[in-house]
Amino acid sequence: MLNMIANGTRRKRTLYAAQVTLPHEYAVSVRSYAKEAAPPKLPPLKGDEMLKNIFYEVKNKFETALGILRKEKITIDPDDPAAVSQYAKVVKTIREKADLLSESQRIKYTIEQQTKGIPDARTYLLTLQEIRVKSGLTDDLGAEAMMMEALEKVEKEIKKPLMRSDKKNMGPLLAEFDKINKKLGIKKEDLPKYEEELELKIAKEQLQELKKDALEAMETQLKREEFKDEQMVDVKSLDIRNFI
């Protein structure tokens, strides 16, 4: 099922067209890491217990991430593909070990949550457009306009708003979406490749931010009297593990 994952990957592709028919039941379980702390006769309030569980979960994820960062070597060089690839692998390991959402999963989750209960196709597509804009994604290929044009065509034929529960008339719309995807060269089987490209793009952006922050910190340090004779080091030589 195609979605906005590839849009976020290349900033030029929109693959969420066929997601109009996706079910939107999505539950997020909060795992408990805390033992019972209150006396049996005085159980904690439900809200307090939930907050405690959330705190322990966040704490556990944070400690998991730090543990991995203390072991893995990260080279702050956003211009080196090998360094970017290695950093992306570290981030992926953290995400998997700490049970965090990837960028593509986050986009999918956002879509599911914000479109839950939307009955008609038009409002659904407009909501997807809002999500794309708020996420900072672009639609350089004009896929959204093509999809709205396809919807206009179907609604003109049925002479009423198209409801997502109307399976009979949703069929022609999805067929039009398939034509759009084919025209734009978008394939469902390419999604894993798009996701990998997205992770590398994000990794490079994060390394750029790390480099910027490191340079600013060193420049500030060198302005202090006790460091005026020191030379600024190459950020690529810094070992993040020494600062954790």
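Values in this document were obtained by computation on a predicted structure and should not be read as measured data.
- The two atoms that bring Tyr194 and Lys187 nearest to each other are CE1-O, 4.2 Å, heavy atoms only.
- Using a 4.5 Å heavy-atom cutoff, the side chains of Leu69 and Ile94 are in contact.
- Taking all atoms of both residues into account, the shortest heavy-atom contact from Leu200 to Ala88 is CD2-CB, 3.9 Å.
- A salt bridge links Glu176 with Lys179: the closest approach of a Lys/Arg side-chain nitrogen to an acidic carboxylate oxygen falls below 4.0 angstrom.
- By the 4.0 Å N-to-carboxylate-O rule, Lys108 lies close enough to Glu112 to be salt-bridged with it.
- With salt bridges taken as basic N to acidic carboxylate O contacts below 4.0 Å, one links Arg224 and Glu226.
- Counting heavy atoms from C-beta outward, Met148 and Arg122 have side chains that approach closer than 4.5 Å.
- Shown here for Leu141 and Leu184, the closest heavy-atom pair between the two residues is CB-CD2, 4.1 Å.
- Between Arg241 and Asp239 a salt bridge is recorded (basic side-chain N to carboxylate O distance below 4.0 Å).
- Neither side chain, Asp234 nor Ser237, offers a donor N or O lying under 3.5 Å from an acceptor on the other.
- The distance from the CG atom of Leu100 to the OG1 atom of Thr64 is 8.5 Å, given to the nearest 0.5 Å.
- For the pair Lys160 and Glu155, the minimum side-chain heavy-atom distance is 4.5 Å or more.
- A distance-only check finds a donor-acceptor pair linking the side chain of Asp139 to the backbone of Ala143 [under 3.5 Å].
- Between the NZ atom in Lys188 and the CG atom in Asp178 there is a gap of 11.0 Å [rounded to 0.5 Å].
- Note that CZ of Arg70 is 13.0 Å distant from CD1 of Ile240, once rounded to the nearest 0.5 Å.
- Side-chain atoms of Asp213 and Glu216, non-hydrogen and from C-beta on, do get closer than 4.5 Å to each other.
- For the pair Pro119/Arg164, no side-chain contact is recorded, criterion being any heavy-atom separation below 4.5 Å from C-beta on.
- With a 6.0 Å radius and a threshold of 12 heavy atoms from other residues, nucleotides or ligands, Gln231 has its CD atom at or below the threshold.
- The pair Glu219-Lys223 fails the salt-bridge criterion, with no side-chain N (NZ, NE, NH1 or NH2) lying under 4.0 Å from an Asp/Glu carboxylate O.
- Not a single donor-acceptor pair under 3.5 Å links the side chain of Lys236 to the backbone N or O of Asp77.
- Remark: the backbone N or O of Ile131 is paired with a side-chain donor or acceptor of Ser135 at under 3.5 angstrom.
- Going from atom CD1 of Ile158 over to atom NZ of Lys156 covers 13.5 Å, rounded to the nearest 0.5 Å.
- Within the 4.5 Å cutoff, side-chain heavy atoms of Leu215 are placed close to those of Val235.
- No donor-acceptor distance shorter than 3.5 angstrom exists from the side chain of Lys211 to the backbone of Pro78, with no hydrogens or angles considered.
- Arg132 has a carboxylate O that lies under 4.0 Å from a charged side-chain N of Glu144, or vice versa, which qualifies the two as a salt bridge.
- Under 4.0 Å is where a charged nitrogen must lie from a carboxylate oxygen, and between Arg95 and Glu199 at least one such pair does.
- Side-chain atoms of Asp80 and Thr75, non-hydrogen and from C-beta on, never get closer than 4.5 Å to each other.
- Using a 4.5 Å cut-off on side-chain heavy atoms (C-beta onward), Leu128 and Ile111 make contact.
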Before giving the answer on salt bridge (Lys or Arg N to Asp or Glu O under 4.0 Å), spell out for Lys153 and Glu149 the whole-Å C-alpha distance, their side-chain angles and the decisive distance to 0.1 Å.
CA-CA 6 Å; Lys153 177 181 177 181; Glu149 185 178 341; over 6 Å; no
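- One distance of note links CZ of Phe55 with CG of Asn60; it measures 11.0 Å at 0.5 Å rounding.
- A donor and an acceptor atom, one from each side chain of Glu195 and Ser104, are located under 3.5 Å apart.
- Neither Met163 nor Val154 shares a network with the other; the hydrophobic side chains, linked directly or stepwise wherever heavy atoms of I, L, V, M, F, W or Y lie under 4.5 Å apart, form separate groups for each.
- In Lys212, the NZ atom is not crowded: 12 or fewer heavy atoms of neighbouring residues, nucleotides or ligands sit closer than 6.0 Å.
- Under the 4.0 Å criterion applied to side-chain N and carboxylate O atoms, Glu49 and Lys52 are assigned as salt-bridge partners.
- With hydrophobic clusters built from ILVMFWY side chains whose heavy atoms lie under 4.5 angstrom apart, Val133 does not share a cluster with Leu198.
- Of the inter-residue distances, the one linking Glu63 atom CD with Tyr56 atom OH reads 10.5 Å to the nearest 0.5 angstrom.
- At distances below 3.5 Å, not a single donor-acceptor pair connects side-chain atoms of Asp190 with backbone N or O atoms of Lys193.
- Residue Leu222 is grouped with residue Leu238 when hydrophobic side chains (ILVMFWY) are merged at heavy-atom distances under 4.5 angstrom, including chains of intermediate members.
- Residues Phe62 and Ile74 share a single hydrophobic cluster, defined by chaining ILVMFWY side chains whose heavy atoms lie under 4.5 Å apart.
- The hydrophobic cluster containing Val91 also contains Leu66, counting ILVMFWY residues as joined when their side-chain heavy atoms lie under 4.5 angstrom apart, directly or transitively.
- The two residues Ala121 and Leu151 have their closest heavy-atom pair at CB-CD1, 4.0 Å.
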